[in-house]
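Reading through the structure tokens given below for one structure.
Residue numbers start from 1 in every chain, and the chains themselves are labelled A, B, ... in the order their sequence lines are given, proteins ahead of strands.
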Amino acid sequence: MSGDDAGILLLSLKVALAGLAASLPLAVAVAFVLARKRFPGKTLFDAFVHLPLVLPPVVVGYALLILFGTQGPIGRLLEPLGIVFAFRWTGAALAAAIMGFPLLVRAIRLAMESVDPRIELAARTLGASRTRVFFTVTLPLSVSGIATGALLCFARALGEFGATITFVSNIPGETRTLPLAIYSFTQVPGGDAQALRLALFSVVLSLAALAVSEWLVRRSPAHAHHA
Amino acid sequence: MLEVDVAVPRGRFRLEAAFRSDAPIVALFGRSGSGKTTLVNAIAGIGRPERGRIVIGDRVLFDSARGIDLAPEKRRVGYVFQDALLFPHLSVRANLAYGESLTPQAERFVDGERLVALLGIRDLLDRNAATLSGGERQRVAIGRALMASPRILLLDEPLASLDGARKAEILAYIELLRDELRLPMVYVSHALEEVTRLADRVVVIAEGRVIAEGPAAQALSSTDMGALTGRFDEGVVIEARVARHDTGFELTTLAFAGGELVVPNVDALAGEPVRVRVRARDVSLALARPSGITIQNVLEAEVVSIGREFGAIVDVSLRIGETGLSARITRKAASDLALAPGARVFALVKAVSIDRRSVGFA
Amino acid sequence: MHDILASFALAVRLIAGGDPELWRIVVLSLRVSLASAFLACAIGLPIGTFLGVRDFPGRQAVVVMLNALLGLPSVVVGLVFYLLLSRAGPLGSMGILFTPTAIVVAQTFLVLPIVMALSRQFAEDAWKEYREQLTSLGVSPARAVPTLLWDLRLALFTVVLAGFGRGASEVGAVMIVGGNIDGVTRVMTTSIALETSKGDLPLALGLGIVLLSIVLALNALAFAIREWSAVDHG
């Protein structure tokens with residue numbers, strides 16, 4: 001693996017991990033709300049959360065460009081604060097975060113729904129406030145779902161192309177993640193070999209992530225109930 | 001003193017119940033779906049009643065008129081659920097400590113060591129809660145609820161998911177706790193046997209309403225109970241006192257207001273009060289005192305009424321002195337003996353039919 | 001913001017006014033996606049249904065492989081076909097690289113796992129329900145496949161819709177094997193990805209609106225079918 005490759009790989013990992021880290025807290029909160037609460041418009045909210053799964057990635061990327069780009073309303077708001085997404089790896093991370101969000105929420109929600117709500121009630125009768133119950137009972141019992149979701153989100157982020165290239169373009173060293181790099185090398189004479197190498201890494205990484213998440217699903221208590 | 005007076009809408013029907021109790025254990029007795037669980041849930045703070053008042057001693061837990069509704073975590077009400085509901089990701093020790101750590105030091109009155117010894121769960125302390133058997137789980141569940149030093153302990157059908165031997169075992173533990181701790185308990189069950197053994201005071205609930213309330217014997221002895229107890233168990237509960245023991249034949253004589261009952265050995269001292277359940281199907285009638293018969297209990301009685309004149313079977317209500325008794329016989333027999341209200345008969349009760357499970361200690 | 005609104009207005013005008021360039025791109029996208037959806041379904045629906053219905057040694061392995069294919073990044077698929085179809089590659093003599101045909105081939109391969117996975121799921125669930133009835137009528141699992149296919153036609157139509165939507169959304173593989181050549185292999189997705197960097201906002205915006213409308217319409221149709229058949233079958 002050349003130094004070039006290593007740089008691309010590291011950037012991809014950085015982007016995917018940052019995207020995951022940004023998604024996680026919100027995904028846990030959203031998953032909890034969807035798993036436990038009832039409110040008017042819940043179906044609509046659920047559909048909205050799943051949008052990135054349904055929409056074409058380029059459309060998502062374009063929407064991000066409009067909102068977070070240098071001319072965009074949110075982009076202009078954040079710029080004086082030093083937060084810039086346009087043409088930066090942070091933008092790639094944002095795209096990854098959004099595209100992987102529904103996968104995270106789905107997996108975590110599934111895990112939370114398999115936690116008997118009466119156990120949470122039992123904890124409350126013992127003196128625990130709702131917040132304490134969430135952190136000491138619900139969350140620990142949903143850990144396998146969180147891990148599965150994280151892996152799926154991570155794998156998705158590693159393969160993310162459409163939204164990334166539309167939002168933050170293809171800037172080497174900054175936004176040229178693994179998939180973008182593979183594409184770029186096919187446009188360059190003699191770049192086929194390198195593209196193939198990178199593709200191999202990509203496949204190995206995504207297969208590994210998928211394998212681990214499958215294994216986690218198989219040993220989770222939820223699976224045991226349905227088996 | 002526990003005071004409860006609530007109305008709780010519940011799907012298709014409505015629970016409207018009120019009762020008070022000062023007794024060490026008050027039992028909520030009724031069929032599945034009668035609303036007993038809704039009632040204890042209301043005491044625990046689960047599911048807000050539409051209106052009403054719940055008071056324990058000097059503490060108001062719920063009062064719709066004054067807008068008081070304490071959150072479950074503030075009520076200090078211990079709850080033992082039907083299926084234990086232990087925390088599967090924690091060890092037994094951590095489960096026990098969960099409530100204790102949330103109780104301010106000043107309010108803790110339960111001696112952990114003693115409780116663990118009492119419940120026999122010392123060996124289980126380091127086990128993961130998910131690996132325990134049914135009986136072990138229930139003991140830990142009881143321990144966990146108590147370790148939080150609650151002011152009152154609610155038990156919702158704690159024996160329902162256990163088999164016969166485990167039931168007896170846990171029942172014994174609950175009796176022990178009732179006697180050892182000065183903690184009021186509310187015991188929910190549809191099993192007449194558990195209720196007669198444990199409770200001094202019984203609240204009978206059917207279809208969301210209290211249909212009888214009072215000392216166990218009184219509340220449980222109305223003949224309307226057939227639907228609640230199931231035909232097999234229907235009968236009476238008699239309050240009695242241990243008169244004497246026959247150590248040679250290991251029998252005990254119990255004295256009640258109207259006569260005496262001989263039963264297989266009861267583990268109590270002379271003078272101790274007990275409750276005895278006598279099933280109607282174990283009572284036979286005779287017009288004359290029989291001789292040369294194995295039945296130990298032959299009691300002079302007067303027929304009060306004859307009920308349910310259809311099918312092959314009738315229930316005959318009797319009075320023996322101050323105490324009521326019920327006999328289930330064939331309609332033919334009633335006809336053959338020309339039984340009618342006011343008739344003087346002899347009630348025959350097999351001593352063997354009154355076993356350990358039919359006797360409860362007050 | 002003002003810029004965006006102005007571009008938006010321009011974009012709508014392009015769409016409504018029948019701008020030739022925009023509509024050429026849209027038509028090409030539709031042709032290519034329809035073709036790949038059709039091919040993927042022709043191959044994938046029977047195989048997927050068969051997988052859901054019949055157990056055979058190695059079935060589990062096939063299912064696992066299917067799941068792995070689902071998770072494969074689309075650029076990798078694009079690269080593989082690029083290498084196969086390029087002049088130096090084994091299929092280079094076919095000369096279809098950088099033509100719509102190449103796009104159809106690559107997209108078919110991408111949509112195939114989805115079609116197989118979805119139809120397998122539907123077939124498996126339906127088989128559980130109808131198994132007894134069918135076997136009592138003497139229908140073997142092999143014969144069951146066409147029977148189920150007909151019975152599930154509505155559900156399977158939603159699979160076609162899903163395949164079509166996926167094809168229309170694809171960009172990575174299309175860019176690599178198609179080359180995004182103006183007038184030849186430029187589809188909606190590749191145009192949007194590249195026009196935004198070139199700064200031709202109204203065209204990209206217009207294409208985005210059309211693409212979004214198509215995908216939303218597909219989803220709405222699929223949703224309606226599901227609701228309607230749920231009401232029908234209870």
Quick one: CG on L207(A) to CG on N67(C), what's the gap to the nearest 0.5 Å? 11.0 Å
Scored by heavy-atom pairs under 4.5 Å with chain A, the best of V80(C), I176(C), L207(C) is I176(C)
Exceeds 12 heavy-atom contacts within 6.0 angstrom, atom CZ of R59(C): yes
Taking the side chain as everything from C-beta on, heavy atoms only, tell me whether L72(C) gets closer than 4.5 Å to V203(A). yes
Interatomic distance, CG@L211(C) vs CG@L55(A), rounded to 0.5 Å, equals 9.0 Å
Sort V59(A) into side chain, backbone, both or neither according to what part of it lies under 4.5 angstrom from a heavy atom of chain C. side chain
Closest approach of G162(A) and V171(C), non-hydrogen atoms and distance? CA-CG1, 3.5 Å
Using non-hydrogen atoms and a 4.5 Å limit, figure out which bit of A195(A) sits close to chain C: side chain, backbone, both or neither. both
Is the closest side-chain heavy-atom distance between L79(C) and Y183(A) below 4.5 Å? no
Can you give me the closest heavy-atom contact between A193(C) and V58(A), atom names plus distance? CB-CG1, 4.3 Å
Could you give the distance from CG (N219(C)) to NE2 (H50(A)), rounded to the nearest 0.5 Å? 12.0 Å
Can you confirm whether more than 12 heavy atoms, excluding those of L44(A), are under 6.0 Å from its CG atom? no
Within the supplied structure, the quantity of interest is the number of heavy atoms (other residues, nucleotides, ligands) at a distance under 6.0 Å from E79(A) CD; does it exceed 12? no
Start with the C-alpha gap between M175(C) and I165(A), add the side-chain angles, then the distance that decides, and say whether side chain to side chain contact (heavy atoms under 4.5 Å, CB included) holds. CA-CA 11 Å; M175(C) 292 242 275; I165(A) 200 170; 3.6 Å; yes
So do the side chains of P179(A) and P73(C) get within less than 4.5 Å of each other, counting heavy atoms only? no
Greatest number of non-hydrogen atom pairs under 4.5 angstrom with chain C, of L198(A), D192(A), L210(A), falls to D192(A)
Pick one of side chain, backbone, both or neither for L180(A), based on which atoms fall under 4.5 Å of a heavy atom in chain C. neither
Considering heavy atoms only, which positions within residues 81-103 of chain C lie below 4.5 Å of chain A? Y82(C), L83(C)
How long is the straight-line distance from CG of L51(A) back to CG of L216(C), given to the nearest 0.5 Å? 8.0 Å
Under a 4.5 Å heavy-atom cutoff, which of S169(C), G165(C), G172(C), G179(C) has the most pairs with chain A? S169(C)
Structural part of T186(A) lying under 4.5 Å from a heavy atom of chain C: both
Please report the shortest heavy-atom distance between V215(C) and P56(A), naming the atom on each side. CG2-CG, 3.5 Å
Which heavy atom of V76(C) sits nearest a heavy atom of S202(A), and at what distance? CG2-OG, 3.9 Å
